[in-house]
Amino acid sequence: QKEVEQNSGPLSVPEGAIASLNCTYSDRGSQSFFWYRQYSGKSPELIMSIYSNGDKEDGRFTAQLNKASQYVSLLIRDSQPSDSATYLCAVRTPGSARQLTFGSGTQLTVLP
Amino acid sequence: EADIYQTPRYLVIGTGKKITLECSQTMGHDKMYWYQQDPGMELHLIHYSYGVNSTEKGDLSSESTVSRIRTEHFPLTLESARPSHTSQYLCASRDITQETQYFGPGTRLLVL
């Protein structure tokens with residue numbers, strides 16, 4: 001079992017819709033969770049971080065964390081074609097020398 | 001905004017050549033990382049450093065080596081490049097007091 005798993009994708013949504021991206025993790029000791037966006041051929045850029053259970057909103061983005069169920073999700077409201085990218089879920093587990101473990105990413109396409 | 005730089009951005013080189021990929025950051029971050037990412041694939045940690053004179057290998061076995069003589073500089077060296085080294089190499093850094101890891105723009109390497 002992978003330590004961080006994401007919906008395999010690719011995911012296509014129409015412009016203006018809500019895009020929902022999911023991520024599960026295996027280590028219950030994980031404490032910090034991140035969503036990165038990566039455009040094709042570019043490096044990842046951080047869009048959201050979340051550390052406690054519940055929702056965290058930032059503009060059109062909402063991160064949701066449920067530690068009991070070991071999942072973290074990212075909702076993108078009013079999706080735009082410019083949101084088309086690969087979204088990477090990353091998890092930090094204390095004591096892990098690797099610091100951040102990344103999922104394989106979910107490719108999102110927003111159709112005009 | 002992160003100030004982390006990588007050079008060269010693109011490199012095409014022949015088999016057997018020695019190459020050094022440069023990474024520098026001006027934020028005084030103690031922790032630095034090298035990731036390898038093939039197109040459409042996940043990030044793999046190949047090296048990391050917790051500070052000057054501290055380097056460790058990551059999850060993915062790599063024939064590259066790194067050094068950390070100065071805080072701001074974390075170069076990666078391939079003694080003898082092979083076509084199997086063709087990939088994108090991403091450098092990242094993090095402040096010890098913060099959770100966020102920032103990525104450089106990446107180096108795309110093609111070994112012929």
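Considering OG1 of T100(B) and OH of Y36(A), their distance stands at 6.5 Å, rounded to 0.5 Å. The line from CZ of F103(B) to CG of L46(A) is 9.5 Å long, rounded to the nearest 0.5 Å.
Under the 4.5 Å side-chain contact rule for hydrophobic residues, F74(B) and L11(B) share a cluster. Both L11(A) and I76(A) sit in one connected hydrophobic cluster of ILVMFWY residues. Membership requires side-chain heavy atoms under 4.5 Å apart, directly or through other members. Criterion: ILVMFWY side-chain heavy atoms under 4.5 Å apart, direct or through other members. Under it, F61(A) and L21(A) are part of a common hydrophobic cluster. The hydrophobic cluster containing Y87(A) also contains V13(A), counting ILVMFWY residues as joined when their side-chain heavy atoms lie under 4.5 angstrom apart, directly or transitively.
Contacts of F34(A) with chain B are made by side-chain atoms alone, with heavy-atom separations under 4.5 Å and no backbone atom involved. Heavy atoms of S32(A) lying under 4.5 Å from chain B belong exclusively to its side chain.
Enclosure of atom CG in L112(B) by more than 12 non-hydrogen atoms of other residues, nucleotides or ligands within 6.0 angstrom is indicated. Within a 6.0 Å radius of CD1 in I18(A), other residues, nucleotides and ligands contribute 12 heavy atoms or fewer. Heavy-atom contacts from other residues, nucleotides or ligands closer than 6.0 Å to NZ of K57(B) number more than 12.
Counting all heavy atoms, side chain and backbone alike, S43(A) lies closest to P105(B) at OG-CA, 3.7 Å. Taking all atoms of both residues into account, the shortest heavy-atom contact from Q88(B) to Q38(A) is NE2-NE2, 4.1 Å.
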Side chain to side chain contact (heavy atoms under 4.5 Å, CB included) between R94(B) and R92(A), intermediate numbers included
CA-CA 12 Å; R94(B) 180 172 85 88; R92(A) 179 173 176 265; 3.9 Å; yes

Which is it for L100(A) and Y35(B) under the side chain to side chain contact (heavy atoms under 4.5 Å, CB included) test, yes or no, and what are the steps along the way?
CA-CA 11 Å; L100(A) 280 186; Y35(B) 293 88; 4.2 Å; yes

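Ranked by heavy-atom pairs shorter than 4.5 Å toward chain A, the options Q37(B), E56(B), M41(B) are led by Q37(B).
Judged by distance alone, with hydrogens and angles left aside, the side-chain atoms of S104(A) form no donor-acceptor pair with the main-chain N or O of E42(B) at under 3.5 Å.
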